[in-house]
K.L.:
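Would you mind keeping the following structure in view while I ask a few things?
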There are 2 protein chains.
Amino acid sequence: MASHGARGRSGGRPTLEEVAARAGVGRGTVSRVINGSPRVSDATRAAVEAAVAELGYVPNTAARALAANRTDAIALVVPEPETRFFAEPYFSDMLRGVGAELSDTEMQLLLIFAGNDRERRRLAQYLAAHRVDGVLLVSVHADDPLPDLLAQLEIPAVISGPRSEHEALPSVDSDNYGGGRSAVEHLIARGCSHIATITGRLDVYGAQRRVDGYRDALRDAGRAVDETLILPGDFTEEGGRRAMTELLARRPRLDAVFAESDVMAAGARQVLREAGRRIPDDVALVGYDDSAIARHMDPPLTSVRQPIEEMGRAMTDLLLEEIADRRPASSRDPERRRLVLPTELVRRDSS
Amino acid sequence: MASHGARGRSGGRPTLEEVAARAGVGRGTVSRVINGSPRVSDATRAAVEAAVAELGYVPNTAARALAANRTDAIALVVPEPETRFFAEPYFSDMLRGVGAELSDTEMQLLLIFAGNDRERRRLAQYLAAHRVDGVLLVSVHADDPLPDLLAQLEIPAVISGPRSEHEALPSVDSDNYGGGRSAVEHLIARGCSHIATITGRLDVYGAQRRVDGYRDALRDAGRAVDETLILPGDFTEEGGRRAMTELLARRPRLDAVFAESDVMAAGARQVLREAGRRIPDDVALVGYDDSAIARHMDPPLTSVRQPIEEMGRAMTDLLLEEIADRRPASSRDPERRRLVLPTELVRRDSS
DNA sequence: AGGTAGTGTGGGAGCGCTCCCATGAGTGAT
DNA sequence: ATCACTCATGGGAGCGCTCCCACACTACCT
């Protein structure tokens, strides 16, 4: 006697078994049809599909997850407080890309914030329980332990913005080197002769690469790189102000600044304006990110655009692949696992 | 012989059975400890907890879901395109409230957009598969079929902003009536004598209630309600402009406007300014929502604040209750199932 | 004709848990 | 000492699926 019989019986959702009975086939066959296996004859497939439709059968995800040891869900992990998530268009663009790529998939997307210790502990628990098949990691700092946790748990993951040249995880990045380079080449072409740069936090790999691009662009144009024109910033507006102030003191005659984020460019602009320098006539200014700030600045800011939505799509693709052929990540072609997408210089009136 | 033995065996995650063996107790007992049942002796509980810690045991969610017929997840369904979700602080506040209330729970929150047909079909499929234990519904229009689908599927749900006075679902709302009333009472107290209102879309129940509050405030102050001072808007800036233009034409001498959303107030402000009316000296202006727009308007806008975050918390509470005592919703005390939270008039310089 | 592949199908076993029944030990009243 | 309860505990059955082995049955080669 079925002690639980009353629960599932009649009235509950139909099961595979019931569909099988209706279609006059075995349980295994229905499963094959549901999962799109090619090893089913056309006639049988049609019969099963009819039964599925008549009964309104919908697979039980929990049972499937238990039996197949997968969850059909991936997580987008945001190691930032919610406020930043809503404030920065970066995340919404990324989310749009991921969502688009997932939309013709059975995969479910979870959004998980890990902005504080409590949330991080929760996330760790969550991952330990293997409640997702894979993880999309955005905006990770160099010293974040999350990627290592993922590796240890053997959960497929893709990171946007590798932590270093030797990033172990598959990654998708925009061409920070090329972005920095194109900004400077543009300033050179414009006729600027004293080009400074305000860098991002140099513990962020991408920020380093932008500086590399700056250096190489100058060198390739036959100019000497003057290290005193390279000022460390921290991606903040205040940092931009500080660096610009210092720069103006060091080099009153400079005629171009490449700020490696729009926010820092905004800070620099304030200082330039207070110093009575006109943009772009006295000093040309170029930013990075092509954010809303850039478009609304006065004058509108030339900026390097990163294809964020496309990065989201690419990350998702990569992750789905990783999940599909679930073998030790290290045994696969490393080249396929590092994508770098091109950036684009958007010219506006500030240069 | 276990044909699958190789998969789960040694190296995989520990199971309940393994914890039981380690602690020297039965499977049932471990399950009781894990789930916090009181029917376990202290000594046994301690032994089990030790074993759990040593083995690093984490329950398998899929197995639990299958056996217990629940998912430990709820969904926040947003029947809007993503863009609006990010643009309007309403959602981020709501999300914060829900998240806070869930944070000391095992419940997982899913964010689901249903802004277009495709997404809606996906959602329907998702709900049919009972992949969540309950649903939080925000920003639902009067003719949305979603609530009925939920009812039919017998999925517990709570709606923010009931669709009518007779809303079948449990609901949480802010006191739209009281909000409208307090805005108008404020304008009366200020000495205004010709008070107009620009309403929201009247197929939204809350918008109607604000108008009711407007009417009653005037009536209770012993004033006649002049229907020509009630202009229909649609919550948009353009709608606010149109209504204000019409209003100015109808009643050149009006000295106060209650716009039932900040966005419409912004539209009205433009028209007033173009007409050379000073705010608040010539015309006092009050908005609704207390959004960022209100704070940044010139002059800063007096506005009715809704406790959105708190509404999120309340909805979550209600939903968790619904899920906990899962009986036909109709058999429960209806009073507990409709919450109305107070609004607050935030006075600024526009009135 | 016999053998060998291949192809479609049925169904057993098992995934890791919860639910519940049965059991045995302990407690206090008769 | 006996009975009636209560309380902690063990473990069987079952949740609905996937995986895979075994079994027809066909088609093609010697």
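Chain letters run A, B, ... following the sequence lines, proteins first, then strands; residues in each count from 1.
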K.L.:
May I ask you to test the A/Arg120-A/Pro79 pair for a side-chain heavy-atom distance under 4.5 Å?
P.N.:
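A/Arg120 reaches A/Pro79 side chain to side chain.
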
K.L.:
For D/dT18, take OP1 and OP2 only and decide whether either is under 4.0 Å from a side-chain N or O of A/Asn69.
P.N.:
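Answer no for this pair, as no side-chain N or O of A/Asn69 is under 4.0 Å from OP1 or OP2.
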
K.L.:
Starting from P on C/dT18, measure out to CG on B/Asn60 and report it in whole angstrom.
P.N.:
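These atoms are roughly 10 Å apart.
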
K.L.:
Between B/Arg32 and B/Tyr57, which residue's closest nucleotide on DNA chain C lies nearer the 5′ terminus?
P.N.:
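Per heavy-atom nearest nucleotide, the more 5' residue is B/Tyr57.
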
K.L.:
Between B/Thr29 and D/dA8, is there a side-chain N or O to OP1/OP2 distance below 4.0 Å?
P.N.:
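Negative; the distance criterion is not met.
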
K.L.:
On the nucleotide D/dT18, are OP1 or OP2 found under 4.0 Å from the side-chain N or O atoms that A/Ser31 carries?
P.N.:
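True: A/Ser31 side-chain N/O within range (under 4.0 Å) of D/dT18 OP1/OP2.
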
K.L.:
In whole angstrom, give the distance that lies between atom CZ of B/Arg39 and atom P of C/dT23.
P.N.:
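These atoms are roughly 19 Å apart.
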
K.L.:
Between atom CG in B/Leu66 and atom P in D/dT18, what is the gap in whole Å?
P.N.:
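Answer to the nearest Å: 12 Å.
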
K.L.:
Counting side-chain heavy atoms from CB outward, which of C/dC19, C/dT7, D/dC17 is closest to A/Ala67?
P.N.:
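So the side chain of A/Ala67 is nearest to D/dC17.
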
K.L.:
What pair of heavy atoms forms the shortest contact from B/Ala23 to B/Ala51, and how long is it?
P.N.:
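Minimum heavy-atom contact is CB-CB, 3.8 Å.
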
K.L.:
Given the side-chain rings of A/Phe85 and B/Phe86, with only the six-membered ring counted for Trp, is the space between their centroids under 6.0 Å?
P.N.:
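Yes, the ring of A/Phe85 comes within the 6.0 Å limit of the ring of B/Phe86, centre to centre.
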
K.L.:
Can you check the A/Ile34 CD1 to D/dC17 P distance for me, whole Å?
P.N.:
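Taking CD1 of A/Ile34 and P of D/dC17, I get 9 Å after rounding.
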
K.L.:
Once you round it to whole Å, what is the distance between C1' of D/dG16 and NE2 of B/His130?
P.N.:
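Nearest whole value for this atom pair: 14 Å.
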
K.L.:
Once ring pair (Phe, Tyr, Trp, His ring centres under 6.0 Å) is applied, what residue pairs with a partner in residues 21-49 of chain A remain, sequence neighbours excluded?
P.N.:
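Applying ring pair (Phe, Tyr, Trp, His ring centres under 6.0 Å) to every pair that reaches into residues 21-49 of chain A, excluding sequence neighbours, yields nothing.
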
K.L.:
Check the distance between C/dG16's C1' and B/Glu18's CD and give it to me in whole angstrom.
P.N.:
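It works out to 10 Å between those atoms.
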
K.L.:
Using a heavy-atom cut-off of under 4.0 Å over every strand shown, decide if B/Arg64 touches base, sugar-phosphate, or nothing.
P.N.:
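If one applies the 4.0 Å heavy-atom cut-off, B/Arg64 turns out to touch the sugar-phosphate alone, with no base involved.
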
K.L.:
In degrees, rounded to 10°, what is the bend between the two ends of the helix from C/dA1-D/dT30 to C/dT30-D/dA1, using five pairs at each?
P.N.:
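Taking five pairs per end, the axes differ by 50°.
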
K.L.:
Would you tabulate the side-chain donor-acceptor contacts of residues 94-105 of chain B under 3.5 Å, counting partners in other chains and residues two or more places apart, or write 'none'?
P.N.:
{"unit_1": "B/Arg96", "atom_1": "NH1", "unit_2": "B/Asp93", "atom_2": "OD1", "d": "3.4"}
{"unit_1": "B/Glu101", "atom_1": "OE1", "unit_2": "B/Arg313", "atom_2": "NE", "d": "3.3"}
{"unit_1": "B/Ser103", "atom_1": "OG", "unit_2": "B/Ala100", "atom_2": "O", "d": "3.0"}
{"unit_1": "B/Thr105", "atom_1": "OG1", "unit_2": "B/Leu102", "atom_2": "O", "d": "3.4"}

K.L.:
What I'd like to find out is whether the side chain of A/Leu318 reaches to under 4.5 Å of the side chain of A/Val172, using heavy atoms alone.
P.N.:
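They are in contact (side-chain heavy atoms under 4.5 Å apart), so the answer is yes.
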
K.L.:
From CZ of A/Arg70 over to P of D/dC17, roughly how many Å is that when rounded to an integer?
P.N.:
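Checked: the CZ to P distance equals 13 Å.
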
K.L.:
Rounding to a whole Å, what distance do you find between A/Glu106:CD and D/dT18:P?
P.N.:
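From A/Glu106 CD to D/dT18 P: 12 Å.
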
K.L.:
Could you work out which one of D/dC17, D/dA8, C/dT18 sits closest to the side chain of A/Leu16?
P.N.:
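Within the option list, the nearest is D/dC17.
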
K.L.:
Nearest to the A/Arg27 side chain among D/dG10, C/dG16, C/dG12, which nucleotide is it?
P.N.:
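Of all the options, the side chain of A/Arg27 is nearest to C/dG12.
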
K.L.:
Take atom CD in B/Glu54; do more than 12 heavy atoms of anything else shown fall under 6.0 Å from it?
P.N.:
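Correct, the count exceeds 12.
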
